[in-house]
*Asks:* 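Quick one: the structure is below, and I'll ask about it shortly.
By convention here, the first residue in the shown sequence is residue 1. All of these numbers come straight from a predicted model, not from anything done at the bench. Note that ligands are numbered from 1 as they come in the structure, with each ligand's atoms numbered from 1 the same way.
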Amino acid sequence: MKVLVVGAGAVGGYFGARLAEKGEDVTFLVREKRAHLLNEQGLQVKSIHGDYQHRAKIVLAGEKREPFDLILLSVKAYHLKNVMEELAPFAGNQTLIMPLLNGFAHLEMLQERFSEDRVIGGLCFIESTVDQNGAIVQTSPIHELVYGALNSEQAEAVEKLEALFAGSNAEIRKSDRILADMWHKYMFISGLSGVTTLFRSPIGPIRENEFGISVTQKLFYEIGSIMRAEGAPIADGIENIQLGKIHNMTHGMKSSMQRDMEKLTEVEADHLQGYLLKLAEKHKIEAQVLSMVYANLKIYEKNR
Ligand SMILES: NC(=O)C1=CN([C@@H]2O[C@H](COP(=O)(O)OP(=O)(O)OC[C@H]3O[C@@H](n4cnc5c(N)ncnc54)[C@H](OP(=O)(O)O)[C@@H]3O)[C@@H](O)[C@H]2O)C=CC1
Ligand SMILES: CC(C)(CO)C(=O)C(=O)O
């Protein structure tokens with residue numbers, strides 16, 4: 001099976017390398033600067049699950065290739081519009097596109113551009129980043145990728161992916177309720193990235209402070225109300241389940257949005273919290289904490 005990973009960054013670089021390490025046929029769609037680096041020093045993964053370095057196969061936008069069987073999409077949401085056009089020539093009628101982005105709004109954009117048959121569900125849990133030398137650094141135990149069919153027509157094609165992922169050095173599993181999983185992850189990451197960027201702190205000190213934890217709880221409850229009003233298939237009590245995870249995370253756990261803020265790069269504020277606020281407005285739900293989180297991010301964007 002031929003796999004194209006779009007974006008050799010923290011997420012795509014990690015999972016793509018794990019598949020290549022297993023011997024799968026993996027190519028990375030990258031931009032000039034990244035291509036130069038990968039050609040010079042290869043794709044380097046430094047991970048608590050084992051380092052791996054290889055001469056990754058790469059392709060640039062506009063180059064000719066046969067369509068791929070699977071496209072793993074792992075760019076930031078603010079690059080998505082542009083990337084969809086660049087990856088289109090690599091996608092044939094049978095190509096499955098699996099987005100690993102945080103959030104939800106990208107799903108509709110992809111379905112509109114590539115049709116509902118081709119876009120399957122996906123998400124990941126991993127704490128990874130790209131260091132100053134371009135290496136992928138993965139620091140905490142979790143390296144999980146979850147995928148699944150979004151409709152019954154995709155089920156057979158999605159089944160076939162199990163052999164691709166089996167035996168790789170990452171926890172990769174198929175889910176029969178990927179849509180709910182994606183909303184749940186969306187809730188979790190909007191809450192976690194929201195408070196860690198608001199307080200500019202890893203999660204430990206936030207949850208130890210009575211006001212910090214109270215703001216965190218209010219944020220999760222607001223997000224839950226918005227998602228329910230939108231008819232998202234979220235589980236009863238999911239807010240408390242996600243808050244439980246917040247309590248169980250390592251003291252120093254940061255969100256990727258927080259790490260982006262520390263690097264003074266763009267953040268996915270519109271894609272995550274901004275999209276939720278639009279839904280809140282649509283359903284006339286008051287979301288004071290979410291508004292504050294979003295304001296903090298937009299002010300950061302303006303000042304950076
Ligand atoms: N990092 C993490 O821990 C986690 C991140 N996520 C989510 O995963 C998604 C990806 O994040 P992450 O991997 O951290 O982001 P990164 O910025 O590390 O990687 C994104 C990559 O996309 C590349 N890219 C952008 N535009 C193009 C293009 N036109 N053609 C080819 N490549 C392109 C960038 O390339 P270039 O080097 O040229 O800029 C970059 O290498 C986000 O939605 C994020 O929220 C989810 C779970 C955990
Ligand atoms: C919380 C985490 C690390 C889990 O994957 C994440 O998704 C992110 O920070 O973007």
*Asks:* Do any nitrogen or oxygen atoms of Asn82 come within less than 3.5 Å of a nitrogen or oxygen of ligand 1?
*Replies:*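 Checking ligand 1 against Asn82, no N or O pair falls under 3.5 Å apart.
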*Asks:* Does Asn303 CG have over 12 foreign heavy atoms under 6.0 Å away?
*Replies:*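 Atom CG in Asn303 is crowded, with more than 12 foreign heavy atoms closer than 6.0 Å.
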*Asks:* So, are Lys298 and Glu301 salt-bridged, with charged N and O less than 4.0 Å apart?
*Replies:*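 Salt bridge: yes.
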*Asks:* May I ask you to identify, for Cys124, whether its side chain, its backbone, both or neither come under 4.0 Å of ligand 2 on a heavy-atom basis?
*Replies:*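 For Cys124, only backbone atoms sit under 4.0 Å from ligand 2.
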*Asks:* Is the shortest distance from a heavy atom of Lys185 to ligand 2 less than 4.0 Å?
*Replies:*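 It does, in that a heavy atom of Lys185 comes within the 4.0 Å cut-off of ligand 2.
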*Asks:* Glu230 and His283: side-chain donor and acceptor closer than 3.5 Å?
*Replies:*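 His283 and Glu230 do have a side-chain donor-acceptor pair below 3.5 Å.
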*Asks:* Within ligand 1, which atoms have a heavy atom of Ile126 less than 4.0 Å away?
*Replies:*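 Per the distance check, 2 (C), 3 (O), 4 (C), 48 (C).
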*Asks:* Does atom NE2 (His49) have a neighbourhood of more than 12 heavy atoms from anything else shown, all under 6.0 Å?
*Replies:*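 Yes - once you tally the heavy atoms of other residues, nucleotides and ligands closer than 6.0 Å, there are more than 12.
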*Asks:* Below 4.0 Å, non-hydrogen atoms only: which portion of Met257 touches ligand 2? Side chain, backbone, both or neither.
*Replies:*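 Contact part for Met257 vs ligand 2: neither.
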*Asks:* Should one rank Lys76, Arg31, Met257, Lys185 by closest heavy-atom distance to atom 12 (P) of ligand 1, which comes out on top?
*Replies:*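 Checking each option, the heavy atom nearest atom 12 (P) of ligand 1 is found in Lys76.
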*Asks:* I want to know if ligand 1 touches Glu127 in the polar sense, i.e. an N/O pair below 3.5 angstrom.
*Replies:*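 So ligand 1 has no N or O lying under 3.5 Å from an N or O of Glu127.
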*Asks:* So if I count the atoms of ligand 1 from 1 in the order they appear, which ones are less than 4.0 Å from some heavy atom of Leu100?
*Replies:*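 Near Leu100, the atoms of ligand 1 are 8 (O).
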